[in-house]
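On a predicted model such as this, the values are computed, not experimentally measured, just so you know.
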Amino acid sequence: MSAMEQHAEQPSGGPLGFGSQYVWHASDRLVDMAMPAPAPLRATIACAPQDVTVDLRRTAIIIIDMQNDFCARGGWVDHLGVDYSPDRAPIAPLQRLLPVLRKAGMPVIWVNWGNRPDLANMPPNQIHLYKPVGTGIGLGDPLPGSSARVLEKDSWAAAVVDELAQEPQDIKVDKYRISGFWDTPLDSILRNLGTKSILFAGVNTDQCVLHSLTDANFLGYGCILLDDCCATTSPDFCTEATIWNVKKCFGFVTGSDAVIRSLSAVAAR
């Protein structure tokens with residue numbers, strides 16, 4: 001063993017960093033930046049247009065906008081007179097899937113609208129998007145009845161629906177645009193976790209889910225859309241176009257049952 005190798009022994013200090021993929025160990029004499037990454041844990045998932053093998057230690061699920069404003073009676077979509085029931089379709093499959101993913105050690109990341117009360121980071125074009133004629137109930141306005149403010153951080157309107165439990169180890173990220181990557185720490189969190197592949201779920205399939213997925217694709221992540229864990233109140237052709245484009249340009253499409261089968265096969269090895 002060389003003198004350099006002898007000197008580069010494991011420091012006694014605790015790990016510095018978030019997650020287990022890339023951490024430093026420090027002592028008064030040495031900072032070790034060369035910690036080995038965990039060996040891959042491979043799982044092959046039946047997908048379209050091709051099956052995909054992912055590393056479960058470097059895969060996360062992102063669940064987008066499963067919030068009262070979109071998915072509950074008395075929420076914003078309900079107030080607008082739109083049938084919000086389609087946006088509830090992901091609840092049951094996510095209730096089955098999330099315990100399996102957590103047991104496998106996969107990070108669960110909730111990405112939800114959580115606007116500032118003063119909307120100071122929201123330019124006029126974003127406010128206009130949700131109040132196109134300048135009147136009515138838009139971002140930050142109180143809902144009739146509950147007075148909960150639309151998609152405002154810490155309001156009932158912005159809370160995840162009661163049927164989907166958020167566990168203490170889950171990660172929560174507020175977003176301020178249709179994409180969850182714009183002006184948020186999401187990419188930094190994923191990179192600190194060592195994430196290479198992402199499962200996408202939530203609402204709306206053709207809006208916040210799609211644009212978060214495409215941004216993830218542009219950033220270099222492998223993207224898998226869970227079609228039964230996504231939904232939209234838009235017309236059916238919007239979902240059809242989204243799924244076609246994901247398979248053609250941005251990633252892969254599968255369902256929660258295929259993921260559960262894959263993880264069951266890994267556990268049975």
Original post:
Would you say Asn204's side chain and Thr233's backbone share a donor-acceptor pair under 3.5 angstrom?
Top reply: yes
Original post:
Would a distance-only check, ignoring hydrogens and angles, find a side-chain to backbone donor-acceptor pair under 3.5 Å from Thr214 to Leu210?
Top reply: yes
**OP:** Treating Ile, Leu, Val, Met, Phe, Trp and Tyr as nodes and any side-chain heavy-atom pair under 4.5 angstrom as an edge, say whether Leu225 and Ile45 lie in one connected cluster.
**Re:** no
**OP:** Could you go through the salt bridge (charged side-chain N to carboxylate O under 4.0 Å, His left out) check for Asp174 and Lys153 one step at a time?
**Re:** CA-CA 8 Å; Asp174 294 324; Lys153 182 177 175 63; 2.7 Å; yes
Measuring from [X]:[atom1] to [Y]:[atom2], what's the distance to the nearest 0.5 Å?
X	Y	atom1	atom2	answer
Asp154	Asn115	CG	CG	11.5 Å
Ile198	Ile62	CD1	CD1	4.0 Å
Trp110	Asp170	CH2	CG	6.5 Å

Original post:
Are any of the side-chain heavy atoms of Val246 and Phe252 separated by less than 4.5 Å?
Top reply: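 No; the side chains remain at least 4.5 Å from each other.
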**OP:** Check whether any side-chain heavy atom of Val23 sits under 4.5 Å from a side-chain heavy atom of Leu16, and report yes or no.
**Re:**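 When only atoms from C-beta onward are counted, Leu16 and Val23 do not touch, as no gap falls below 4.5 Å.
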Subject >> Derivation and outcome, ring-ring contact (aromatic ring centres under 6.0 Å, His included), residues Trp76 and Tyr130 >> reply: CA-CA 11 Å; Trp76 190 26; Tyr130 301 107; 5.5 Å; yes
Original post:
Which residue, Thr195, Val259, Leu56, forms the side-chain contact (heavy atoms from CB on, under 4.5 Å) with Met106?
Top reply: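 Considering Thr195, Val259, Leu56, a side-chain contact (heavy atoms from CB on, under 4.5 Å) with Met106 is found only for Leu56.
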Subject >> Identified side-chain contact (heavy atoms from CB on, under 4.5 Å) partner of Ile63 from the options Ile109, Leu97, Val111, Leu98 >> reply: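 For Ile63, the side-chain contact (heavy atoms from CB on, under 4.5 Å) check succeeds only for Leu98.
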Subject >> Worked verdict on Arg116 versus Glu152 for salt bridge (charged side-chain N to carboxylate O under 4.0 Å, His left out) >> reply: CA-CA 6 Å; Arg116 294 167 52 98; Glu152 184 172 295; over 6 Å; no
Original post:
How close do Leu41 and Arg269 get, heavy atom to heavy atom, and via which atoms?
Top reply: CD1-NH1, 4.4 Å
